[in-house]
Amino acid sequence: MKPEQIIEKIVEETDLEEDEVEEKVEEKMEEFEGLVSEEGAIHLVGKEAGVQIAESGDQALKVENIVPDMRKVNIKARVMNVSDINTFERDDDEEDGKVRNITLGDDTGTIRLTLWDEQTEIAEKVEEDDAIGISGAYTVEDNQDNAELRLGDSAQVKMVDDDEVPEVESGREITEASIREVRSKNAEYKVKGMIMDVYTSSPFYSQCPECGSTVREDDDGEYICEEHGEVEPDKALAMSIVLDDGTGNTRVVMFGDRARELLDIDEETEKEGDIEAVEKAAADVIGKRIELEGRARHNDYFGTLELIANSFEEIEPEEELDQIIEMFEA
Ligand SMILES: [Zn+2]
C-alpha cells in the first residue's frame with residue numbers, strides 16, 4: 001500500500017482528519033530523530049490508529065519489498081542459514097519457549113523468518129540452499145528496523161521447485177572505504193573516523209523482554225508484542241552519532257550492545273532507559289576515533305545514506321601512530 005493510500009485509509013477509518021494524520025507523522029519522525037522514514041512513520045501512525053495497512057495478496061513478494069507490519073505475505077526464497085535453537089523461560093507457562101531463525105534470501109536481499117515453539121520443527125526439515133515458499137505470513141519490525149517474517153496460524157511453508165527461486169550470492173562483502181565513498185544502499189562498509197556528535201534526545205525504544213521485538217503501545221497505554229501479547233517492555237538503545245574522516249561525514253546508527261559498548265554503560269542501565277547516564281556518557285565519546293563495519297541504508301527523513309553499525313573498534317592513539325609509521329616504512 002502506498003503512503004498516500006495509507007493516509008486515506010486512516011482518514012476513512014478513524015476520526016482523524018488528513019492534516020491531523022500528517023501532523024502525527026511529523027511528530028513520529030521527530031520522535032525518532034530520523035531513525036524512521038516518512039513511509040515508516042505513516043505505517044506507525046496507522047498501526048497506532050488500529051488501521052490494517054498492508055496485504056501482499058496472492059503474489060509472491062520480493063524480499064526488498066517486504067516492510068514491517070504487513071499481513072498475508074507470500075514469498076519464495078532460498079534458505080541461507082538456519083540458526084541453532086534457543087530456549088527461554090515464559091512467565092506464564094511451565095514449559096520453556098523455543099525460538100529458531102531461518103535467514104531467507106532472494107535476488108533482492110535477505111530477511112529473517114522467526115519460528116516459535118512447535119514451528120521450530122520446520123527448521124529441522126530444511127537445509128541451506130533449499131527453495132521454499134511461504135504463504136500467509138506476517139511481518140513485524142525487528143530491533144534494527146528491519147522487517148522480520150513470522151508465521152501466523154494460517155501460514156503455510158512448502159518446498160518449491162528449485163528454478164522458481166534465483167540463486168543467491170552468499171557471503172557478504174565488506175568494502176573498505178572513506179566516508180565519501182559510501183554510496184551504495186545495502187552494501188557493507190568498513191570506515192574509520194572521529195565521532196563529532198552524539199544525538200541523545202531520544203536514544204531509547206521499547207522492546208519485548210522475551211523476544212526483543214519492537215512493541216507497540218495500544219490505546220490504553222499497554223505495550224503489545226505480536227508474539228507475546230501484553231508485556232512490560234525493556235528499553236533498548238538506538239543511538240545516532242556523526243562520524244567524520246576528513247573526506248566527509250555520515251550519520252551512524254548504533255543499536256543495543258554496540259551503543260552500550262560505545263557509551264560504556266551496562267545492560268541494566270539500558271533496560272531502565274536511564275537517559276541521564278546516556279547523556280553523561282555521550283559527552284565522553286565525542287572526539288574518539290573508531291573503525292566501524294556497517295551496512296548503508298537510505299534515511300528518507302534526511303535524504304542521505306547512513307550506516308547501521310554491525311561492529312566497531314576504538315582506535316587507540318598509539319595504534320594509529322603505528323599505522324602511520326608502517327605506512328611510511330612501506
Ligand atoms: Zn515478544
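Keep in mind it's a predicted model, so treat the numbers as computed, not measured.
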* Do you know which two heavy atoms are closest between M29 and A41, and how far apart they sit? -> CG-CB, 3.5 Å
* **Partner residues of K24 under the side chain to side chain donor-acceptor pair (under 3.5 Å) criterion, sequence neighbours left out** => none
* Give, for atom CD of E12 and atom CD of E8, the distance between the pair rounded to the nearest 0.5 Å. => 6.0 Å
* To do: Begin from the C-alpha positions of D130 and M159 and carry the test side chain to side chain contact (heavy atoms under 4.5 Å, CB included) through to its verdict.
  => CA-CA 8 Å; D130 280 350; M159 295 292 179; 3.6 Å; yes
* For the student: nearest non-hydrogen atoms of D142 and T214, plus distance -> O-OG1, 3.5 Å
* How about E232: does its CD atom have over 12 heavy atoms from other parts shown lying under 6.0 Å from it? -> no
* **V157 with V63, same ILVMFWY side-chain cluster at under 4.5 Å** => yes
* For M70, does its backbone N or O pair with a side-chain atom of T139 as donor and acceptor, under 3.5 Å? -> yes
* Structure fact -> Tightest non-hydrogen contact, residues A277 and I265, listed as O-CG2, 4.5 Å
* Shared hydrophobic cluster, L263 / M196 (ILVMFWY, side-chain heavy atoms < 4.5 Å) -> no
* **Minimum-distance pair of heavy atoms, taken over all atoms of S178 and D245** => CA-OD2, 3.4 Å
* To do: For side chain to side chain contact (heavy atoms under 4.5 Å, CB included), just list the numbers for I66 and V73, CA-CA rounded to whole Å, side-chain angles, deciding distance to a tenth of an Å, and then say yes or no.
  => CA-CA 8 Å; I66 299 176; V73 177; 4.1 Å; yes
* Asked: Can you tell me how far NE2 of H228 sits from CD of E230, rounded to the nearest 0.5 angstrom?
  -> 14.0 Å
* Minimum side-chain heavy-atom gap M239-F204 below 4.5 Å -> no
* To do: Could you tell me whether the side chain of I224 reaches within less than 4.5 Å of the side chain of V215, counting heavy atoms only?
  => no
* With no hydrogens and no angle check, is any side-chain donor or acceptor of R78 less than 3.5 Å from a backbone partner on V165? -> yes
* Asked: Taking all atoms of both residues into account, what is the closest heavy-atom pair of T200 and A282, and its distance?
  -> CG2-CB, 3.5 Å
* Heavy atoms, side chains only, cut-off 4.5 Å: are L115 and L113 in contact? -> yes
* Counting N and O atoms only, with roles assigned by atom type, does the side chain of T175 sit under 3.5 Å from a partner on the main chain of A177, one being a donor and the other an acceptor? -> no
* Asked: Any side-chain heavy atom of V82 sitting closer than 4.5 Å to one from E128?
  -> no
* Structure fact -> dist L149:CG -> L151:CG (nearest 0.5 Å) comes out at 7.5 Å
* To do: Flag yes if Y138 and I6 sit in one hydrophobic cluster, no otherwise; membership is Ile, Leu, Val, Met, Phe, Trp, Tyr, and two members link when side-chain heavy atoms are under 4.5 Å apart.
  => no
* To do: For T14 and I10, indicate whether the former's side chain and the latter's backbone hold a donor-acceptor pair under 3.5 Å.
  => yes
* **Derivation and outcome, side chain to side chain contact (heavy atoms under 4.5 Å, CB included), residues L307 and L292** => CA-CA 9 Å; L307 290 170; L292 168 121; 3.8 Å; yes
* Can any side-chain N or O of N74 pair as donor or acceptor with the backbone N or O of L61 at less than 3.5 Å? -> no
* Does I85 reach the side chain of V99, with side-chain heavy atoms less than 4.5 Å apart? -> no
* To do: Before accepting this row, confirm whether a basic side-chain N of the pair K62/D107 lies closer than 4.0 Å to the acidic partner's carboxylate O.
  => yes
* Asked: So, does D220 use its side chain to make a donor-acceptor pair with the main chain of E222 at under 3.5 Å?
  -> no
* Nearest 0.5 Å, what's the NZ-OG1 distance between K271 and T269? -> 11.0 Å
* **Of Q119, R100, E148, E227, the residue whose pairing with T114 passes side-chain hydrogen bond (donor to acceptor under 3.5 Å, both in side chains)** => E148
* Honestly, is R260 close enough over F255, meaning NZ or CZ under 6.0 Å from the six-membered ring centre and within 45° of the axis? -> no
* To do: In sequence, state the C-alpha distance, the side-chain angles, and the governing distance for K288 and E314, and then conclude on salt bridge (charged side-chain N to carboxylate O under 4.0 Å, His left out).
  => CA-CA 7 Å; K288 280 192 178 173; E314 207 176 312; 3.6 Å; yes
* Flag for T103-R112: side-chain donor and acceptor within less than 3.5 Å -> no
* Asked: Looking at side-chain heavy atoms only, is the closest gap between L104 and M80 below 4.5 Å?
  -> no
* Check against side chain to side chain donor-acceptor pair (under 3.5 Å), S206 and K235 -> CA-CA 5 Å; S206 300; K235 293 291 175 191; 3.0 Å; yes
* Asked: Distance-only, no hydrogens or angles: does the D117 side chain make a donor-acceptor pair with backbone N or O of K98 under 3.5 Å?
  -> yes
* Asked: For D19, does the CG atom sit with more than 12 other heavy atoms under 6.0 Å from it, leaving out its own atoms?
  -> yes
* **Distance, nearest 0.5 Å, that separates OG of S311 from CD1 of I174** => 7.0 Å
* Step by step, work out the salt bridge (charged side-chain N to carboxylate O under 4.0 Å, His left out) result for R295 and E188. => CA-CA 4 Å; R295 179 174 56 83; E188 308 246 355; 5.4 Å; no
* Given K28 and E48, is the side chain to side chain contact (heavy atoms under 4.5 Å, CB included) satisfied, shown in steps? -> CA-CA 11 Å; K28 245 321 141 213; E48 277 169 16; 3.0 Å; yes
* Does Y301 offer a backbone N or O that forms a donor-acceptor pair with the side chain of N299 under 3.5 Å? -> yes
* To do: For residues D129 and D162, report the shortest heavy-atom separation together with the two atoms involved.
  => O-OD1, 4.3 Å
* **Donor-acceptor contact below 3.5 Å, side chain S83 vs main chain N101** => yes
* E217, CD: over 12 other non-hydrogen atoms inside 6.0 angstrom -> yes
* **SG-CD distance between C225 and E210, expressed to the nearest 0.5 angstrom** => 8.0 Å
* Member of I179, I290, T247, T250 meeting the side chain to side chain contact (heavy atoms under 4.5 Å, CB included) criterion with V191 -> I179
* To do: Answer yes or no: is there a side-chain heavy-atom contact under 4.5 Å between W116 and C211?
  => yes
* Asked: Under a 4.5 Å cut-off applied to non-hydrogen side-chain atoms, are P68 and V140 in contact?
  -> no
* Asked: If you group Ile, Leu, Val, Met, Phe, Trp and Tyr by side-chain heavy-atom gaps below 4.5 Å, do V252 and V285 land in one group?
  -> yes
* Do Y189 side-chain atoms and S184 backbone N/O form a donor-acceptor pair below 3.5 Å? -> yes
* Asked: Would L243 end up clustered with I286 when hydrophobic side chains under 4.5 Å apart are linked, directly or stepwise?
  -> yes
